[in-house]
Amino acid sequence: VERLDGVTRERFLRDIYPRRKPVVLTGLDLGTCTTKWTIDYLSQAEGSKEVKIHVSAVPQMDFLSKNFVYRTLPFDVFVQRAAEVKHKEYFLTEDEKYYLRSVGEDVRKDVADIRKQFPILAEDVHIPEYFEKEQFFSSVFRISSAGLQLWTHYDVMDNFLIQVTGKKRVVLYSPRDAPYLYLSGTKSEVLDVDNPDLEKYPLFVKAKRYQCVLEAGDVLFIP
């Protein structure tokens, strides 16, 4: 995936958006989050409000077989636990993985909005203004344990994936390769994209992968 530095709104709308290809945007002003968001600061900023999280005994989360459980923790406790490799307190195993994907108050009606769910942290984030205000649908705040892999899936809307801290490997496939991805709804049955079971998923070899590693401060445009 191509990396481009310091892209202006004008250039994004003229050159990048119409191409409908993923691009890693670097050197953008994302606000104070890139320097402020330490474990201690996150814990203090939003305190002990309850958050619903995914907990998995294995690093590869599977949405189709639901190999995880939903649990609730105070946000500050969750942040501390997500930073640990081995846990003194745990739900399933001492090396379990955590994943928070913020949702609206009413999961079925309200969209995720960091400004509503995490107002203090939202002030630290400057979302790139490449679009009109009325085009903005949702902002999903996520934190995960190191080494967690999310299930292979697709999102319907244009997306900006902002990597605030840590790093993340992202593997992408073109929509035109959907016939080879063994989709069930918006999820793919192929979890281990690095070592796929080709007896079970023989067509997967035809899907061309695009890959990037997002460093802290990078933004991935996913059309």
Side-chain angles (χ1 to χ4, degrees), residues 3 24-63 67-105 107 110-128 138-151 153 155 159-171 211-220 222:
R3 294 175 69 88
V24 177
L25 304 159
T26 63
L28 300 179
D29 174 18
L30 299 175
T32 55
C33 58
T34 51
T35 51
K36 278 167 81 173
W37 283 14
T38 61
I39 295 162
D40 290 341
Y41 173 74
L42 289 171
S43 302
Q44 288 162 4
E46 295 287 353
S48 58
K49 71 173 171 202
E50 301 268 288
V51 288
K52 190 177 180 185
I53 53 172
H54 299 66
V55 183
S56 173
V58 294
Q60 253 174 0
M61 280 196 174
D62 182 350
F63 195 84
N67 68 345
F68 53 83
V69 294
Y70 292 104
R71 292 291 181 265
T72 304
L73 280 176
F75 183 72
D76 50 0
V77 175
F78 159 70
V79 168
Q80 299 285 343
R81 281 214 211 169
E84 299 168 345
V85 177
K86 286 265 189 284
H87 313 294
K88 288 192 182 72
E89 294 180 44
Y90 51 85
F91 298 108
L92 305 172
T93 63
E94 64 173 8
D95 53 0
E96 65 193 14
K97 304 284 188 191
Y98 300 99
Y99 172 56
L100 166 71
R101 178 194 182 282
S102 69
V103 289
E105 294 303 313
V107 179
D110 301 336
V111 296
D113 184 343
I114 189 174
R115 294 164 300 192
K116 287 183 184 156
Q117 282 108 39
F118 297 91
I120 296 163
L121 296 180
E123 288 178 18
D124 302 336
V125 185
H126 180 252
I127 296 171
S138 70
S139 48
V140 184
F141 176 61
R142 305 169 191 268
I143 294 180
S144 83
S145 301
L148 179 81
Q149 183 182 323
L150 216 53
W151 51 87
H153 66 280
D155 298 318
N159 234 302
F160 290 101
L161 178 55
I162 299 171
Q163 188 71 20
V164 178
T165 65
K167 59 166 69 173
K168 178 183 289 167
R169 181 176 66 120
V170 184
V171 177
Q211 183 170 305
C212 62
V213 175
L214 297 181
E215 304 285 345
D218 288 351
V219 179
L220 173 62
I222 309 173

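Treat the numbers as computed from the prediction; the structure is a model and nothing was measured. Here, residue 1 is the first one in the sequence, and each next residue gets the next number.
Ser139 places a side-chain N or O within 3.5 Å of a backbone atom of Ile114 that can act as its donor or acceptor partner. Asn159 contributes no side-chain N or O that, together with a main-chain N or O of Leu161, makes up a donor-acceptor pair within less than 3.5 Å. With hydrogens and angles disregarded, a donor-acceptor distance shorter than 3.5 Å links the side chain of Gln163 to the backbone of Thr165. Panel note: side chain Gln117, backbone Ala112; no donor-acceptor pair is recorded below 3.5 Å. No donor-acceptor distance shorter than 3.5 angstrom exists from the side chain of Gln80 to the backbone of Ile39, with no hydrogens or angles considered. Judged by distance alone, with hydrogens and angles left aside, the side-chain atoms of Thr38 form a donor-acceptor pair with the main-chain N or O of Tyr41 at under 3.5 Å.
In this view, Thr34 satisfies the side-chain hydrogen bond (donor to acceptor under 3.5 Å, both in side chains) rule with no residue, not counting sequence neighbours. By the ring pair (Phe, Tyr, Trp, His ring centres under 6.0 Å) test, Phe68 is found to be paired with His54, Tyr70, Trp151, residues two or more places apart in sequence or in another chain being considered. In this structure Val58 satisfies the side chain to side chain contact (heavy atoms under 4.5 Å, CB included) test together with Ser56, Asn67, sequence neighbours excluded. Scanning for side chain to side chain contact (heavy atoms under 4.5 Å, CB included) contacts around Glu105 gives Asp110, with sequence neighbours left out. Contacts of Phe118 classified as ring pair (Phe, Tyr, Trp, His ring centres under 6.0 Å), with partners at least two apart in sequence or in another chain: Phe75, Phe141.
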Check: residues 83-91 side-chain donor-acceptor pairs under 3.5 Å, at least two apart:
unit_1	atom_1	unit_2	atom_2	d
Glu84	OE1	His87	ND1	2.8
His87	NE2	Glu96	O	2.8

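Leu220 has its side chain within reach of Cys212: a pair of non-hydrogen atoms, C-beta onward, lies under 4.5 Å apart. Counting heavy atoms from C-beta on, the side chains of Ile143 and Val79 come closer than 4.5 Å. The shortest side-chain heavy-atom distance between Pro119 and Glu46 falls under the 4.5 Å cut-off. Counting heavy atoms from C-beta outward, Leu92 and Val69 have side chains that approach closer than 4.5 Å. Contact of the Tyr98 side chain with the Arg81 side chain is registered, since non-hydrogen atoms from C-beta on lie closer than 4.5 Å. Contact annotation: the side chain of Gln149 never approaches that of Pro59 to less than 4.5 Å [non-hydrogen atoms, C-beta and beyond]. Side-chain contact between Ile162 and Ile127: present, with at least one pair of heavy atoms (C-beta onward) separated by less than 4.5 Å. For the pair Pro74/Glu50, a side-chain contact is recorded, criterion being any heavy-atom separation below 4.5 Å from C-beta on.
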Report task. Decide yes or no on side chain to side chain contact (heavy atoms under 4.5 Å, CB included) for Val164 and Leu30, but give the supporting numbers first. Result -> CA-CA 8 Å; Val164 178; Leu30 299 175; 5.9 Å; no

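Ser138 approaches Val111 most closely through the heavy-atom pair CB-CB, 4.1 Å. Taking every heavy atom of both residues into account, Leu121 and Ala45 meet most closely at CD2-CB, 3.8 Å.
To the nearest 0.5 Å, atoms OG (Ser102) and CD1 (Ile53) are separated by 13.5 Å. Rounded to the nearest 0.5 Å, atoms NZ (Lys97) and CG (Leu148) are 7.5 Å apart. Put simply, CZ on Arg71 and NZ on Lys52 are 10.5 Å apart, with the number rounded to the nearest 0.5 Å. Interatomic distance, Phe78 CZ to Ser43 OG, rounded to the nearest 0.5 Å: 10.5 Å. Rounded to the nearest 0.5 Å, atoms CG (Leu150) and CZ (Arg101) are 9.5 Å apart.
Look at Arg3 and Asp218 and you find a salt bridge, because one of the NZ, NE, NH1 or NH2 atoms lies within 4.0 Å of a carboxylate O, short of that distance.
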